[in-house]
Amino acid sequence: MTISLKELAKTPTKMTAGHRLCGGCAEGTVVRQALMATDKPVVVSTATGCFEVSTTIYPYTAWNVPWIHTAFGNVAATAAGTEAAYNALRRRGKIKDEMNFLAIGGDGGTYDIGFQALSGALERGHRFVYLCMNNEAYMNTGIQRSASTGIGAATSTTPAGDIIPGKQGYPKDMTQIVASHHIPYVAQVSPHNWKDIITKFKKAYDVDGPSFINAICPCPRGWRTEAEDSMILGQLAVETCVWPLYEVVDGNYELTGESLRIAEGKLEKKPIMDWFKSQGRFRHLMDDKWAKVIKGAQADVDKKWERLKKLAKL
């Protein structure tokens with residue numbers, strides 16, 4: 001799929017500058033790229049979270065498209081209802097334009113609170129794109145751990161101490177869980193690779209049914225990193241295989257971007273220690289007494305990476 005930067009530059013601005021996301025937050029980058037991937041009218045639903053409150057502080061809004069705010073746990077249900085209403089109006093001849101529907105939730109509103117609504121909407125086959133912006137914690141309400149928080153991360157509800165090394169247990173593999181719903185399109189993306197993101201969203205909008213895209217979204221505040229490092233961290237997540245880039249099209253797995261190059265031996269797979277050293281939330285793991293946590297995390301990443309390569313027949 002060919003993507004022209006010149007054509008993208010001409011794309012009408014669907015989400016404006018001037019929002020109040022933190023400096024270095026990757027969420028705005030991801031959403032702007034997601035909206036560039038369609039030239040059809042799009043209706044956006046956003047769950048309560050960082051992105052919602054930062055783009056719609058009354059009386060201001062960053063949205064140039066129809067936009068709906070929903071509660072933490074029901075953005076998928078809202079998008080499904082909007083899509084159903086649209087279909088009813090088209091059947092009656094009251095709407096003629098083809099439209100896309102984008103639902104946006106954070107990891108808390110996707111992996112945890114909103115999973116029931118999401119699973120139901122996917123199973124029913126509603127045609128909409130669900131974007132999970134995964135910053136690996138409930139950042140909007142105080143940096144509490146979520147089911148996507150990485151092992152060893154220090155959060156306000158999993159503080160690192162002498163006895164407990166931060167978050168215990170590995171993150172839920174939400175992308176694989178969604179893929180098990182047998183929907184037409186599922187993918188993982190990172191904000192540093194614009195071509196990969198836009199290509200995948202174009203595919204997601206075009207399928208006849210639900211699609212799901214999981215985006216890693218570095219958070220300077222919660223990850224204890226510098227604002228200017230967010231794109232570097234997104235790339236590092238991919239190169240350590242903590243966050244592989246891949247897609248599942250009608251059940252068929254394909255590695256993409258840097259992940260494909262790693263699998264083909266054209267790019268070095270970096271150790272997970274590089275990932276831990278890059279963020280203040282893992283600083284305590286540099287103590288020798290937590291070496292077993294790092295060793296276990298590396299083994300977990302390696303196991304999942306090998307499984308993913310087999311699924312992609314590589």
Side-chain angles (χ1 to χ4, degrees), residues 1-5 26 29-30 33-34 37 132 134 136 148 150-153 170-180 184-204 211-218 223 225 228-279 282 285-286 291-314:
M1 182 180 295
T2 302
I3 299 175
S4 168
L5 281 173
T29 301
V30 170
Q33 292 172 343
C132 174
N134 179 14
E136 299 192 345
S148 72
I151 189 170
Y170 298 103
K172 182 190 294 184
D173 194 340
M174 190 67 185
T175 309
Q176 289 293 314
I177 291 170
V178 171
S180 71
Y185 191 78
V186 178
Q188 284 192 174
V189 299
S190 170
H192 80 281
N193 193 327
W194 64 268
K195 185 176 290 187
D196 188 69
I197 286 184
I198 294 175
T199 299
K200 287 173 176 173
F201 269 97
K202 282 182 177 292
K203 293 180 180 180
S211 54
F212 176 90
I213 294 182
N214 207 349
I216 189 75
C217 290
W223 292 17
T225 56
E228 62 267 26
D229 291 339
S230 292
M231 297 303 112
I232 295 172
L233 289 167
Q235 184 171 348
L236 185 60
V238 174
E239 293 181 348
T240 56
C241 295
V242 168
W243 193 260
L245 299 179
Y246 69 97
E247 60 186 3
V248 187
V249 185
D250 293 324
N252 298 308
Y253 283 73
E254 296 284 346
L255 294 174
T256 66
E258 292 93 336
S259 295
L260 179 59
R261 292 168 60 200
I262 291 171
E264 293 175 338
K266 299 176 182 178
L267 184 67
E268 178 187 7
K269 177 177 179 286
K270 296 182 178 179
I272 200 169
M273 180 60 86
D274 289 0
W275 176 248
F276 287 140
K277 284 182 177 180
S278 69
Q279 300 155 61
F282 297 120
L285 295 180
M286 299 305 104
K292 62 181 180 180
V293 176
I294 296 174
K295 183 178 179 180
Q298 184 67 73
D300 182 67
V301 165
D302 292 344
K303 179 181 178 181
K304 290 176 179 175
W305 173 241
E306 292 303 316
R307 178 178 180 272
L308 184 59
K309 286 196 296 182
K310 287 181 180 178
L311 288 170
K313 297 180 174 57
L314 291 171

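Computed over heavy atoms, backbone and side chain alike; hydrogens, waters and symmetry mates excluded. Throughout, numbering of the chain's residues begins at 1 and tracks the sequence. Keep in mind that this is a model prediction, so the values were computed, not measured.
Counting heavy atoms from C-beta outward, Glu239 and Glu268 have side chains that stay 4.5 Å or more apart. Side-chain atoms of Lys195 and Gln33, non-hydrogen and from C-beta on, never get closer than 4.5 Å to each other. Contact of the Asn134 side chain with the Cys217 side chain is not registered, since no non-hydrogen atoms from C-beta on lie closer than 4.5 Å. Within the 4.5 Å cutoff, the side chain of Ser190 has no heavy atoms near those of the Gln235 side chain. Within the 4.5 Å cutoff, the side chain of Asp274 has heavy atoms near those of the Leu236 side chain. Proximity of Val293 to Phe276: side-chain heavy atoms (C-beta onward) are nowhere separated by under 4.5 Å. Side-chain contact between Val248 and Tyr185 is absent, with no heavy-atom pair separated by less than 4.5 Å. Using a 4.5 Å cut-off on side-chain heavy atoms (C-beta onward), Asp302 and Lys269 make contact.
In this structure, Leu285 CG and Gln279 CD are separated by 10.5 Å, a value rounded to the nearest 0.5 Å. Once rounded to the nearest 0.5 Å, the distance linking NZ of Lys203 with CD1 of Ile213 reads 10.0 Å. Note: Leu311 CG to Glu306 CD = 11.5 Å, rounded to the nearest 0.5 Å. Atom-to-atom distance recorded for Phe212:CZ and Met174:CE is 5.0 Å, nearest 0.5 angstrom. To the nearest 0.5 Å, the span separating CG on Leu255 from CD1 on Ile262 amounts to 9.5 Å.
Closest non-hydrogen pair, Ile272 versus Ile294, comes out as CG2-O, 4.1 Å. Ser148 and Pro171 make their closest contact through O-CB, 3.5 Å (heavy atoms, listed as atom of the first residue, atom of the second, distance). For the residue pair Ile151 and Phe282, the shortest heavy atom distance occurs at O-CE2, 3.6 Å. Nearest heavy atoms, Ala37 versus Phe201: CB-CB, 3.5 Å. Minimum interatomic distance between Pro191 and Ile216 (heavy atoms only, all atoms of both residues): CD-O, 3.0 Å. The two atoms that bring Ser278 and Leu233 nearest to each other are OG-CD2, 3.3 Å, heavy atoms only.
The aromatic rings of Tyr253 and Tyr246 lie parallel to each other, with less than 30° between the two planes, well short of the 60° mark.
Annotation: Lys270, atom NZ; neighbour count of heavy atoms from other residues, nucleotides and ligands within 6.0 Å does not exceed 12.
Between Arg261 and Glu258, none of the side-chain N atoms (NZ, or NE/NH1/NH2) sits under 4.0 Å from a carboxylate O, so this pair counts as no salt bridge. Between Glu247 and Lys200, none of the side-chain N atoms (NZ, or NE/NH1/NH2) sits under 4.0 Å from a carboxylate O, so this pair counts as no salt bridge.
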Practice prompt. Would you check, one step at a time, whether the test side chain to side chain contact (heavy atoms under 4.5 Å, CB included) holds for Ser259 with Trp305?
Written response: CA-CA 10 Å; Ser259 295; Trp305 173 241; 4.2 Å; yes
